[in-house]
Amino acid sequence: MKNREIAKIFYEIADMLEMQDVQFKPRAYRKAAQNIESLSEDIEEIYKRGELEKIPGVGKSIAEKVKEFIEKGSVAYYEKLKKEIPVNLEELSSVEGLGPKMIKLLYKELGIKNLNDLEKAAKEGKIRHLKGMGERTEQKILENIEFARKKGGRILLGFALPEAMKLIKFLEKYAEKISLAGSLRRRKETIGDMDILAVSLNPEKLMDEFTSMNEVDKILAKGETKSSVRLKSGIQVDLRIVDKESFGSALQYFTGSKEHNIEVRKIAVRNGYKLNEYGLFDKKSNKKIAGETEEGVYKALGMQYIPPELRENRGEVEAALNGALPALVERKDVRGDLQMHTKWSDGANTIEEMVKEGIKLGHSFIAITDHVGTLKIAGGMGEEEIRKQMKEIESLNEKYDDFHIFHGVEVNILKDGNLDMSRKVLKDVDVVIASIHSAFRQPMEEMTKRLLKALENDVVDILAHPTARIIYKREAIKFDVEKVFDAARENDVILEINAQPDRLDLNDILAKKAIEMGVKLSIGTDAHNKETLRYIELGVAVARRAWAEKKDIVNTYSIDKLEKIFSK
DNA sequence: GCCGTTTTCGGCCCGACTGTTTTCAGTCG
């Protein structure tokens, strides 16, 4: 898929146009980039059908550039702009506080093209003499370069969420109301920073407590209504305090996404209103229509309440206007976990320990899916061990009579698409999870064939972590998504949403696509110890971001129904 | 450069904080 590549080019064009003080075009390019980036379909397919201009935000001119990129692998307009200001935009704009205007100034005056140039100039005290700059700006740049290098920016949802909850728990003592906002509340797979919103009878005290928390490494800004700190863990946290009457509109505003808010504000304008963080106002009389609750704001705009996970401008605004939002699956609908490992292979706990933890989490079933076959690193079990494990699970099922343990295995899909275990054994276990662990450097067509062969194998129930990506570490494997998802549906194979924080695979976009294609999904934590069974909530988050309803997620089914599905 | 439930031309979301300023531009969300 060239979607990301193309989106990146348009984002950069937007920045470069902004450097040249071009009006409005940057916004147009950014919008197109955002829409292309979140397409679930390969943009080349859309191009082949001649439907590029049907993508929102893509008109004649941008469609031309997409076409040019697909056909020639480059965009002349982009190359031309790059020559005018030949800097490493991605690198430089990763430094907090550096935007297009400053980057341009730094290049024009000092020839700064990348982080190294920037650091050198700052250390030599050259930046402070530029117009609009000073000593403090220079100092800040130096500090932020170091940070930009160290962190690379974003952190995983699964790591940010517990930390954020801890802060909320501490701060709520000083607040009347408090909530997460921003990308964390939307449960994006990675988080740039944490946003917290609060109402307080004693705002000053709350700000003081916030900026003096143990976790704080540095206070970046402190004001009456907004403060920012950097935690020792490197995460930036913004706290905003608003009036009680504005809490709903502020929460809506600070939850974003930015693109979602732009759409919602347009609806407001269309109705003769104005929407900002203080409330929804009648434009003429300036009378406040709503603002205390988010629900009230959406309602006043004639929309259904939109759950935060959907607020990505992927069609939710239109759906909410039409009363057509999905009834999203909830954590409480999920009755069990469909992938985990124990001491039988590479896990840390026994089956019984996993059962007990599952019960604690409110599950009524789990699937034990240890590695089998020649995947020796993961302690793959042989045929005899599988039979022994079967006996242990049988007796545990008798012991815990309100709880059910499915006996499963996770089997490797070999390079040729065959499974790494004899069919005879696989037929005897309850549930077979197939997955790719060694991706080689297979071309897309071969990878597609490999997956299709596995999906067509009648013993396979679930395809786990289908793209095998590791966030920020390993690229997703490339395959023909349409063909593979079609085959999953036709062969009644469930696709997994793997809930490991660095996997989240399928991701929200692909999972949404799978649902649209009629494929069923499962959530598996892939836990290798009992503590990480709690990652189930990350899987639910991805499902919700994928617009999944209860019926789309098999973890919500009864044990009987699952047994039938697995014995297909 | 895109778009249309007033529009095929004339609009395009809105406000806080910072650092430099003495009234504001740039950045961020």
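All chains are named by letter (A, B, ...) in the order of the sequence lines, taking the proteins before the strands, and each is independently numbered beginning at 1.
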Visitor: For atom P, what is the distance between dT7(B) and dG11(B), given to the nearest Å?
Guide: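 Rounded to whole Å, the distance is 14 Å.
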Visitor: According to the interplanar angle, ranging from 0 to 90°, do the rings of Y305(A) and Y298(A) count as parallel (below 30°), tilted (30 to 60°) or perpendicular (above 60°)?
Guide: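 Y305(A) vs Y298(A) ring planes: perpendicular.
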Visitor: Categorize Y278(A) for me: base, sugar-phosphate, or nothing, with a 4.0 angstrom heavy-atom threshold over every strand shown.
Guide: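 Result for Y278(A) = sugar-phosphate.
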Visitor: I need the CG-P distance between L275(A) and dG29(B), as an integer number of Å.
Guide: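 In whole Å, dG29(B) P and L275(A) CG are 20 Å from each other.
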Visitor: Which nucleotide sits closest to the side chain of M102(A): dT27(B), dC14(B), dC17(B)?
Guide: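 The answer is dT27(B).
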Visitor: Determine the contact category for K104(A): base if any of its heavy atoms lies under 4.0 Å from a base atom, sugar-phosphate if only primed atoms, P, OP1 or OP2 are that close, otherwise nothing.
Guide: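 It contacts nothing in the nucleic acid.
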Visitor: For N261(A), report the nucleic acid contact type (base, sugar-phosphate, nothing); a contact means any heavy atom under 4.0 Å.
Guide: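 Here N261(A) touches no strand at all.
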Visitor: In whole Å, what separates the C1' atom of dG10(B) from that of dG15(B)?
Guide: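 It works out to 25 Å between them.
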Visitor: Any idea which of dT18(B), dA16(B), dT27(B) is nearest the E277(A) side chain?
Guide: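 Nearest listed nucleotide: dA16(B).
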Visitor: Consider the side chain of K101(A), meaning its heavy atoms from C-beta on, and name the nucleotide among dG29(B), dC2(B), dG26(B) that approaches it most closely.
Guide: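 Closest nucleotide among those given: dG26(B).
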Visitor: Can you find a donor-acceptor N/O pair under 3.5 angstrom joining the side chain of Y253(A) to the base of dG15(B)?
Guide: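 No pair found.
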Visitor: Hey, which of these two, S61(A) or E18(A), hits DNA chain B nearer its 5' end, going by closest nucleotide?
Guide: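 This one resolves to S61(A).
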Visitor: Is there a stack between F24(A) and dC2(B), judged by ring centres under 5.5 Å and planes under 30°?
Guide: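 Here the ring of F24(A) and the base of dC2(B) are not stacked, as the 5.5 Å and 30° limits are not both satisfied.
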Visitor: In whole Å, I'd like the distance from the CD atom of Q236(A) to the P atom of dT27(B).
Guide: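 That distance rounds to 16 Å.
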Visitor: Under 4.0 Å, counting only non-hydrogen atoms across every strand here, what does P100(A) touch: a base, just sugar-phosphate, or nothing?
Guide: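 Sugar-phosphate contact only.
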Visitor: Using a cut-off of 4.0 Å on non-hydrogen atoms, how would the nucleic acid contact of S228(A) be classed: base, sugar-phosphate, or nothing?
Guide: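 No contact.
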Visitor: Side chain to side chain contact (heavy atoms under 4.5 Å, CB included) with I196(A): which of I241(A), L184(A), I168(A), D238(A)?
Guide: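 When side chain to side chain contact (heavy atoms under 4.5 Å, CB included) is applied between I196(A) and each of I241(A), L184(A), I168(A), D238(A), only I168(A) qualifies.
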Visitor: Distance alone, cut at 3.5 Å: any donor-acceptor contact between the side chains of Y11(A) and E90(A)?
Guide: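 E90(A) and Y11(A) do not have a side-chain donor-acceptor pair below 3.5 Å.
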Visitor: Mind checking K131(A) for me? I need base, sugar-phosphate or nothing, with any heavy atom below 4.0 Å counting as a touch.
Guide: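 Here K131(A) touches no strand at all.
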Visitor: Identify the nucleotide, in any strand shown, that forms a Watson-Crick or G-U wobble pair with dC2(B), with both distances under 3.5 Å; if there is none, say none.
Guide: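 Its partner is dG11(B) (Watson-Crick or G-U wobble, both distances under 3.5 Å).
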Visitor: Would you call R186(A)-E312(A) a salt bridge at under 4.0 Å N-O?
Guide: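 Yes, this pair counts.
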Visitor: Thinking salt bridges, do D508(A) and R314(A) make one under a 4.0 Å N-O criterion?
Guide: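 Salt bridge: yes.
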Visitor: With rounding to the closest Å, how many angstrom separate the C1' atoms on dA16(B) and dC12(B)?
Guide: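 That atom pair is separated by 22 Å.
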Visitor: If you assign each of K222(A) and K283(A) to its closest nucleotide in DNA chain B, which residue comes earlier from the 5' end?
Guide: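 The residue whose closest nucleotide sits nearer the 5' end is K283(A).
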Visitor: I196(A) CD1 to dG29(B) C1': how many Å, rounded?
Guide: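 In whole Å, dG29(B) C1' and I196(A) CD1 are 15 Å from each other.
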Visitor: Which part of the nucleic acid, if any, lies within contact of K258(A), taking any heavy atom under 4.0 Å across all strands shown: a base, the sugar-phosphate backbone alone, or nothing?
Guide: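 Counting heavy atoms under 4.0 Å across all strands, the contact made by K258(A) includes a base.
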Visitor: Report yes if at least one side-chain N or O of Y273(A) is closer than 4.0 Å to OP1 or OP2 of dC14(B); otherwise report no.
Guide: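 It does not, given that no N or O in the side chain of Y273(A) lies less than 4.0 Å from OP1 or OP2 of dC14(B).
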Visitor: Just the rounded figure in Å: distance from P of dG15(B) to CG of D195(A).
Guide: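 Rounding to the nearest Å, CG of D195(A) and P of dG15(B) are 19 Å apart.
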Visitor: Are any of T225(A)'s side-chain N or O atoms less than 4.0 Å away from OP1 or OP2 of dG15(B)?
Guide: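 T225(A) to dG15(B) OP1/OP2: no side-chain N or O under 4.0 Å.
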Visitor: List the protein contact pattern of nucleotides 19-24 of chain B with one symbol per nucleotide (5' to 3'): B for base contact, S for sugar-phosphate-only contact, - for none; contact means a heavy-atom distance under 4.0 Å.
Guide: SS----
Visitor: Would you kindly say whether D526(A) and N498(A) are connected by a side-chain donor-acceptor distance under 3.5 Å?
Guide: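 Checked: D526(A)/N498(A) side chains pair up, N/O donor to acceptor below 3.5 Å.
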Visitor: In whole Å, what separates the P atom of dG26(B) from that of dT20(B)?
Guide: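 About 14 Å, rounded to a whole number of Å.
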Visitor: Write down the distance between CG (L98(A)) and P (dC28(B)), rounded to a whole number of angstrom.
Guide: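 Going from CG in L98(A) over to P in dC28(B) covers 8 Å.
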Visitor: Give, for atom OH of Y535(A) and atom CG of L161(A), the distance between the pair rounded to the nearest 0.5 Å.
Guide: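 The distance works out to 11.0 Å.
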Visitor: For residues 12-27 of chain A, dump all side-chain donor-acceptor pairs below 3.5 Å to protein atoms at least two apart in sequence or in another chain.
Guide:
unit_1	atom_1	unit_2	atom_2	d
E12(A)	OE1	Y78(A)	OH	3.0
D15(A)	OD1	R30(A)	NH2	2.8
E18(A)	OE2	R30(A)	NH1	3.4
Q20(A)	NE2	E84(A)	OE1	2.7
D21(A)	OD1	K101(A)	NZ	3.0

Visitor: By ring-ring contact (aromatic ring centres under 6.0 Å, His included), which residues pair with F170(A), not counting sequence neighbours?
Guide: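 Result, ring-ring contact (aromatic ring centres under 6.0 Å, His included) vs F170(A): Y174(A).
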Visitor: Measure from the side chain of I62(A), starting at C-beta and using heavy atoms only, and say which of dG1(B), dC17(B), dG29(B) lies closest.
Guide: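 The answer is dG1(B).
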Visitor: Show the distances under 3.5 angstrom between N or O atoms of the protein and N or O atoms of nucleotides 3-9 of chain B.
Guide:
unit_1	atom_1	unit_2	atom_2	d
dC3(B)	OP1	G57(A)	N	2.8

Visitor: Heavy atoms from C-beta onward define the side chain here; which of dC12(B), dG15(B), dG29(B) lies closest to that of N276(A)?
Guide: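 Selected nucleotide: dG15(B).
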Visitor: Measure CD/E224(A) against P/dG15(B) and give the value in whole Å, please.
Guide: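 My rounded result for the distance is 18 Å.
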Visitor: Taking only the C1' atom of each, what is the distance from dT23(B) to dG29(B) in whole angstrom?
Guide: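 Rounded to whole Å, the distance is 24 Å.
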Visitor: Can you list everything that forms a ring-ring contact (aromatic ring centres under 6.0 Å, His included) with F210(A)? Sequence neighbours excluded, please.
Guide: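 Partners of F210(A) by the ring-ring contact (aromatic ring centres under 6.0 Å, His included) criterion come out as none, since no residue qualifies.
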Visitor: Starting at CG of D193(A) and ending at C1' of dC28(B), how long is that distance when rounded to a whole Å?
Guide: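 Atom-to-atom, D193(A) to dC28(B), this comes out as 10 Å.
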Visitor: Inspect the contact between E294(A) and R185(A) and indicate whether a charged nitrogen and a carboxylate oxygen are less than 4.0 angstrom apart.
Guide: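 Salt bridge: yes.
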Visitor: Sticking with atom P, work out how far dT5(B) lies from dG1(B), rounded to a whole angstrom.
Guide: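 Going atom to atom, P in each nucleotide, I get 23 Å.
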Visitor: Return the set of residues passing ring-ring contact (aromatic ring centres under 6.0 Å, His included) with F485(A) (not counting sequence neighbours), or none when no residue passes.
Guide: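 In terms of ring-ring contact (aromatic ring centres under 6.0 Å, His included), with neighbours along the sequence ignored, F485(A) is linked to no residue.
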